[in-house]
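See below for the structure under consideration.
Every value quoted in this text rests on a predicted model; they were computed, and no experiment measured them.
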Amino acid sequence: MTLALPSVTLPLNQPVAIFMLVLVIILGSPILFRRLKIPSLVGLIVAGIIVGPYGFNILARDASFEIFGQMGILYLMFLASVEMDMYHLKKNIGKGLVFGLITFIIPLVGGIFAARYALSTGWTTAVLLASTLSSHTLVSYPIISKLGLSNCRGVVIAVSGTIVTVLLSLIVLAEVIDVSVRGYFEIESLLLMFAMMGVLAGAIGWAYPRLTRWFFRKTDDTVSQFIFILVLVCLASLSAKLIGLESILGAFYAGLILNKFIPARSALMGRIEFVGNAIFIPYFMIGVGMLLNIHVVFRDFGVAWIALVMVVTALSTKLLAAWITRRIYSLDNLDMGLMFGLSSGKAAATIAAAMIGYQYGLLDEDLMSGAVVMILVCCIVASVVTLSAARKQRIRLTAGEMEREGVESTGYARQLIAVANPMTSEGLMKLAVFMRNKDNKDPMTVLFVRNTNDGRVIAMGREAIRLASSAAVAMNMKVHEVERYDFNAVSGVINILNEYRATDIIIGLHRKTNIVDTFYGNFIESLQNATDKMIIISRCFVPVDTLRRLVVVVPRNAEYETGFHAWVARVGNLGIQLGSKIMFLAGTKSAAIIEHVMTEDGYGVERVYRTMDTWDDFILASGEIGEEDLLLIIAARKDSVSYSAELQELPGFLNRHFAPNNLVVIYPEQFGDQKR
């Protein structure tokens, strides 16, 4: 018997071999190029050049690179919009639009003159070539995402400006092609494109939130949710393509619409980032490298001259646009560096414009080769500049956070989640995570206390712990799992509270079992008397990440309580994670102090204040609280500064008027370090 070994031919055509080599590149190139002080994104592009058809021809740019590469660029645009805090976007959207216009017009004008007089092209070709210089792609955005700078001012301006430049560049490209084919400019086609854009934006903006809210309430499986989100992104991208726009515009807009349904610390966001950063985006970067034929630069001086003119014009005009925007809005050098770094990269729209121009005969082979070399150089410069500016920005922000922590009175939350019901344990854990500071790495404690050896009770409690822990682990949280036997459930909770030095207790609101049962139940009422720590009681009928608004009811003198700063921080974190507006019902003085804390601590969330001098004002506002709102009541223990006779009647009022509403009741910490 003889063993016949298959012969190895290049480029590789065996699917497993191709995929394995791509994985080796994704794994190895960042390690190698990090040692050389070169951004890993550049390493992926260089690796694509080496193994591609213009290198050693180990890999062909086959259908897998077309599919995964296209998904990679869609992922870049989708991640850029879905990771953006809408509060910061609204604050800087005007600056972003201005920057988008500036960074489009200056390279367009500079590119036309450079192509016409330095490269001696015709006017039509000059405009087309200039459109490739004015557009840009966020190839260096993964650096921003990795360093957690998505909401920095310079980044928000650059990302929001990107959509302007891509849109205008594609419009210029379409009109240039129309002129070259028809011989004249037709305004009707341009107006039709704008009309279809408006219809598409309106349809997505209306349908996507309703579909997503419905689906997320039907299933809490994050795998199904991930597939659902991916379908919506692809649908928006395909729809944009069908009306004559670039698909990345649809992906970006889908991210903006879906932003509030994907909290930054959710398991769903973790899966989205993992799949994109592990597969799709690296595939795209390798595919870009495989397009580049750098041999033509060394074979022909004419191509080298074309590439030099295009590179110098592209980078200098983008830098000038970032500098002008910096001067207009009095930004600092790091903001300018981030804007220049993010706006100088070129890939998707630039490649599309160059290829279309080549197909229609507007670009010859030398101009096409020069454009490809420009893409390579601009991607390298974008990655290097972005990495340098992002590192400096991260150091500056970290130093500022450390300085604030020096005077921080609340510190990070150490949360104890007491569970018993598998139906609600996962929701309690999500609520706890969303209330945490984004930099809080302290472990969470999940507790089940039992006073019986009944097998059914034990099984339910352990399942509740498992579901809560799984939800936390999916959001990259560390968890201590504790099952405790104690004759008295309250003493069991208090003992674990002290043992783990917890600051917050999160529990679910019990269900009344008979007519004489109280709203809170004996357990919660006994717990209030046993500890002065913050107690957070939750009852949510829908997933917390599908809620639209937080309505926070604040009693008089709440600002004098020891735990005031802490509960404001929890509410602020919750609003940021959910992307929800916060409406505070509070007295004038309390509202002013709440706003001061929110501003000083940098809680970037939209908030409004309604005056509540008496509980009658709350009763009047109660009709506005719907099923998609979360009502948060800041309660008070007896004999505390903010306690009043109205609070004594609160449980009955909530039971009568808010039985179907999503509800969280917070008892702030009362006596600080003098704990019972």
Can a donor-acceptor pair be found, under 3.5 Å and without considering hydrogens, that links the side chain of [X] to the backbone of [Y]?
X: Arg414; Y: Arg501; value: yes
X: Thr503; Y: Ala413; value: no
X: Asn259; Y: Val82; value: yes
X: Arg436; Y: Asp442; value: yes
X: Tyr208; Y: Ala236; value: yes
X: Gln225; Y: Thr219; value: yes
X: Arg570; Y: Ala432; value: no
X: Arg61; Y: Gly287; value: yes
X: Thr546; Y: Pro543; value: yes
X: Arg456; Y: Asp454; value: no

Working for side chain to side chain contact (heavy atoms under 4.5 Å, CB included), residues Asn495 and Arg484: CA-CA 10 Å; Asn495 289 332; Arg484 184 182 179 90; 3.2 Å; yes

Could you check if a side-chain atom of [X] sits within less than 4.5 angstrom of a side-chain atom of [Y], using non-hydrogen atoms only?
X: Val551; Y: Leu632; result: no
X: Met598; Y: Val605; result: yes
X: Thr222; Y: Arg271; result: yes
X: Phe65; Y: Val22; result: yes
X: Asp629; Y: Leu547; result: no
X: Gln415; Y: Thr445; result: no
X: Ile204; Y: Ile257; result: yes
X: Leu578; Y: Val544; result: yes

Indicate whether any N or O donor in one side chain lies under 3.5 Å from an N or O acceptor in the other, for [X] and [Y].
X: Ser237; Y: Ser247; answer: no
X: Arg548; Y: Ser580; answer: no
X: Tyr141; Y: Ser150; answer: yes

[X] side, atom [atom1]; [Y] side, atom [atom2] - distance, nearest 0.5 Å:
X: Thr137; Y: Leu342; atom1: OG1; atom2: CG; result: 11.5 Å
X: Ser469; Y: Met477; atom1: OG; atom2: CE; result: 13.0 Å
X: Leu23; Y: Ile18; atom1: CG; atom2: CD1; result: 12.0 Å
X: Ile45; Y: Met285; atom1: CD1; atom2: CE; result: 3.5 Å
X: Ser140; Y: Leu387; atom1: OG; atom2: CG; result: 9.5 Å
X: His565; Y: Glu669; atom1: NE2; atom2: CD; result: 13.0 Å

Audit row: Phe261, Asp545, side chain to side chain contact (heavy atoms under 4.5 Å, CB included) steps and yes/no: CA-CA 6 Å; Phe261 298 101; Asp545 46 0; over 6 Å; no

So which heavy atom on [X] is nearest to which on [Y], and how close?
X: Ser160; Y: Ile163; value: O-CG2, 3.3 Å
X: Gly72; Y: Phe284; value: CA-CB, 3.9 Å
X: Ala390; Y: Leu147; value: CB-CD1, 3.5 Å
X: Phe448; Y: Arg462; value: CD2-N, 4.4 Å
X: Leu428; Y: Ala418; value: CD1-O, 3.9 Å
X: Ala468; Y: Met429; value: O-CG, 3.3 Å

Neighbour count >12 (heavy atoms, 6.0 Å) for atom CZ, Arg391: no

Neighbour count above 12 (heavy atom, 6.0 Å) for Tyr485 OH: yes

In a check of side-chain contact (heavy atoms from CB on, under 4.5 Å) between [X] and each of [options], which one passes?
X: Phe584; options: Val553, Ile594, Ile634; value: Ile594
X: Met435; options: Asn437, Val433, Leu431; value: Leu431
X: Leu630; options: Ile625, Val542, Val552, Leu574; value: Leu574

Check ion pair Arg466-Glu481 (N to O, under 4.0 angstrom): no

Test of ring centre spacing under 6.0 Å for Phe78 and Phe252: no

Working for salt bridge (charged side-chain N to carboxylate O under 4.0 Å, His left out), residues Arg549 and Glu628: CA-CA 7 Å; Arg549 185 179 61 161; Glu628 295 181 348; over 6 Å; no

CA sep, side-chain torsions, deciding dist, call: Ile633, Ile666, side chain to side chain contact (heavy atoms under 4.5 Å, CB included): CA-CA 6 Å; Ile633 304 292; Ile666 300 178; over 6 Å; no

Step-by-step side chain to side chain contact (heavy atoms under 4.5 Å, CB included) determination, Ile144 to Leu338: CA-CA 9 Å; Ile144 298 296; Leu338 291 170; 3.7 Å; yes

Geometric class of the Phe228/Phe215 ring pair [parallel <30°, tilted 30-60°, perpendicular >60°]: parallel

